[in-house]
Amino acid sequence: MARPNDEVGALLQEYSDLISITGGDEFKARAYEKAARAVAGYHEDVSRLDVRKLREIPNVGKSIADKVVEYLRTGQVRVVEELRAKIPAGVREMIAIPTLGPKKAMLLYRDLGISSVDELVHAIHSERLRELKGFGPRTEENILHGIQVLQQAGGRVHLNVATEVADEIVAELSAVTGCSRCCYAGSLRRFRETVGDVDVLAAAKDPGKLMRAFSQMSTVDEVIAHGEKKTSVRTTKGLQVDLRVVPPEAWGAALQYFTGSKQHNIRTREMAVHARLKLSEYGLFDVETGDLVVSETEDEVYQRLGLPWIPPPLREDRGEIEAAQRGELPDLVSLDDIRGDLHTHTNLTDGLSTLEEMVREAARRGYSYYAVTDHAPNLYMQRMSDDKMLAQREEARRLDGKHRRMRLLHGTELNIDPDGEVDWPHDFLAGFDLCVASVHSHFTQPAREMTRRIVRACENPYVNIIGHPTARLIGRRPGVDADLDEVFRACARTGTALEINAYPDRLDLNDENILRAKHFGVKFAINSDSHSVVHLGFLRYGVGTAQRGWLTAEDVINTWPLRRLRTFLRKGR
DNA sequence: GCCGTTTTCGGCCCGACTGTTTTCAGTCG
């Protein structure tokens, strides 16, 4: 099962959406939305809490606690079911379209009977929306564009969603007797930013038992196909998972084959052909005799092709074969190299956990240093003030070194305004151990202005890291239009690091931009941007993304010892 | 519906942008 907190959070969010769509009290909808976030981000498993303990979760009161209990006990909530009966699921799906919110969705449903994205496209093309008040040609355009953006994600899910499903399935299958090996492959193993379906590979002499166990798992909603070698299912969350079972002696070749990418595999098969061999998921064979050469481990397969083992995140045919031939594969940064997280929030702004909770959890993860970087005043909605920030600094100094001797850095996430200015003057900024600066608004500036804006932020002697540099949201918002090469040059020149934001709907910078930035001599910081203790683990997705960008520990400032990091943060001041 | 209290009601993130209006509603961050 997915984490019960996520499941309950999703239910509360759905109820909030349904309240908004049906024109219910907006404050009530907001209350459910806040509760949904709080539950999803809560550190304890909600399925083990009683009503009293549930009410200790921020923004969860009696009414919501009762509904959570009702859900955990019966699998549904009466009032939610009632609203579901009134509003087709497709109407709720429509509000996922950027620029289309609950009000317009309801209008479309009530007046035109539109209850799915497909019907909506149809209605626009037959110009039926023009009958409605408040809908003009630009609205039609925006909706169509929004649908396009949505569908480019193409039913792909974020990395964390797929990883959680995959980890759980692998753990369960590994425990089945007769299963000698099991892991996930495909784009997930390569840390692609979104995943279309999950490929799980297992090795066993008798596949039957594994196939049965797989189709009977509680996460499985529907079995799409099942056979001797392959079974495909759809999980309750709508994600397709394929299980392939191979004989133990073919494990390596199969894992190599199913990990991909397609382009990488074409290259490795070509290399096999040149060596008078044939590579398939069943092994590496001698073409003339048809004899099996090797297939038991990936390492052997690559070795027999004259290559060292290539880490999956590099397998995109982006030069890794050539680098491997020359013996110049990078020694990729790994999660173990990370000494601290440099961009995190607390409940002082829009986070959910207290500073102490965040610090304790960070220390438990074994970090040697950790930065808290709450939002600055210019992001008005967070209501930050000088006094609040200074009070937090005192608390941070008090907690410094108190948990497993972890050093605590007091920082902030500044807002880069349209001119490239940030929230505070230099003398106030000088009081921080480090400053992240990010774009949070005015995303549509022309490229020249946007470039100048970010470059100016880099030139600020107190800005150390540009947070989520393109501000894209995967599947929802494209990155800003800027001359990134110019930004990379400015970062290298001024000693400003670029963030690899590990939050699964950002993953910003992405792999391709990382590769390019590295050539300019830029340094990077891999940060979780956590808003709750449960987000700290997202860092692994940032590390995977950095690996796809060929980064070594040397390229990443938060793998460095604190002394060296502090020198970098001084920016030559 | 939650929360905090100058507690049991009254406020709830607040400003910008967009497209449609003709003074504003809806959406977004």
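- Looking at heavy-atom distances under 4.0 Å, A/Asn142 makes contact with sugar-phosphate atoms alone, never a base.
- For A/Arg360, the CZ atom sits in a packed shell: over 12 heavy atoms of surrounding residues, nucleotides or ligands are nearer than 6.0 Å.
- Using a 4.0 Å heavy-atom cutoff across all strands shown, A/Arg55 reaches no nucleic acid atom at all.
- B/dG10 and B/dT5 are spaced 11 Å apart, taking the C1' atom of each and rounding to whole Å.
- The same atom, P, is picked in B/dA16 and in B/dT22; the two are 24 Å apart, to the nearest Å.
- For the pair A/Phe443 CZ and B/dA16 C1', the computed distance is 12 Å after rounding to whole Å.
- Here the side chain of A/Ser63 is nearest to one of B/dG26, B/dA16, B/dG1, namely B/dG1.
- Spacing between atom CG of A/Leu132 and atom P of B/dG26 amounts to 13 Å, rounded to whole angstrom units.
- Listed nucleotides B/dG1, B/dC28, B/dG29 differ in distance to A/Pro98; the shortest reach to its side chain belongs to B/dC28.
- By the neighbour-count criterion of 12 heavy atoms within 6.0 Å, atom CZ of A/Arg448 is sparsely surrounded, having that number or fewer from other residues, nucleotides or ligands.
- Of the residues near DNA chain B, A/Ile97 and A/Gly136, the one whose nearest nucleotide (by heavy atom distance) lies more toward the 5' end is A/Gly136.
- Comparing the C1' positions of B/dT8 and B/dG1 gives a spacing of 15 Å, expressed to the nearest Å.
- Looking at heavy-atom distances under 4.0 Å, A/Thr99 makes contact with sugar-phosphate atoms alone, never a base.
- For A/Ala65 and A/Lys34, each mapped to the nucleotide of DNA chain B holding its nearest heavy atom, the one lying further toward the 5' end belongs to A/Ala65.
- Atoms CZ (A/Arg130) and P (B/dT21) sit 12 Å apart, rounded to a whole Å.
- Under a cut-off of 6.0 angstrom, the local environment of CZ in A/Arg37 is sparse, with at most 12 non-hydrogen atoms contributed by other residues, nucleotides or ligands.
- Phosphate proximity of B/dC17 to A/His442: present, with a side-chain N or O under 4.0 Å from OP1 or OP2.
- For A/Lys104, taking side-chain heavy atoms from C-beta onward, the closest of the listed nucleotides B/dT27, B/dC17, B/dC13 is B/dT27.
- Rounded to whole Å, atom P of B/dA16 lies 13 Å from atom CG of A/Asp417.
- When both distances must be under 3.5 Å, the Watson-Crick or G-U wobble mate of B/dT8 does not exist.
- The separation between A/Lys133 atom NZ and B/dT23 atom C1' is 12 Å, rounded to whole Å.
- Here the side chain of A/Arg30 is nearest to one of B/dC2, B/dG26, B/dC13, namely B/dC13.
- For A/Asn59, the side-chain atoms get nearest to B/dC2 when compared with the rest of B/dC13, B/dC2, B/dG29.
- Rounding to whole angstrom units, CG of residue A/Leu379 and C1' of B/dA16 are separated by 13 Å.
- Applying the 6.0 Å contact sphere to CD of A/Glu394 captures no more than 12 heavy atoms from other residues, nucleotides or ligands.
- Taking only side-chain atoms of A/Arg138, from C-beta outward, the nucleotide of B/dG1, B/dG19, B/dC3 with the closest atom is B/dG19.
- Closest to the side chain of A/Tyr32, from the set B/dC2, B/dG1, B/dC13, is B/dG1.
- If you take atom C1' in B/dC9 and the same atom in B/dC14, they sit 23 Å apart, rounded to whole Å.
- With B/dT20, B/dG29, B/dT27 as the candidates, the nucleotide lying closest to the side chain of A/Thr139 is B/dT20.
- Side chains of A/His345 and A/Asp529: a donor-acceptor N/O pair is present below 3.5 angstrom, by distance only.
- The side chain of A/Phe27 sits closest to B/dC12 out of B/dC17, B/dG29, B/dC12.
- Comparing B/dC17 with B/dT23, their C1' atoms are spaced 16 Å from each other, to the whole Å.
- Atom CG in A/Asp505 sits roughly 11 Å away from atom P in B/dG29 (whole-Å rounding).
- A/Arg84 places no side-chain N or O within 3.5 Å of a backbone atom of A/Tyr15 that could act as its donor or acceptor partner.
- One P atom belongs to B/dT20, the other to B/dC13, and the distance between them is 30 Å to the nearest Å.
- The side chain of A/Arg476 lies closest to B/dG29, out of B/dC12, B/dT27, B/dG29.
- For the pair A/Leu144 CG and B/dG19 P, the computed distance is 14 Å after rounding to whole Å.
- One C1' atom belongs to B/dA25, the other to B/dT21, and the distance between them is 9 Å to the nearest Å.
- Atom NE2 of A/His43 has more than 12 heavy atoms from other residues, nucleotides or ligands within 6.0 Å.
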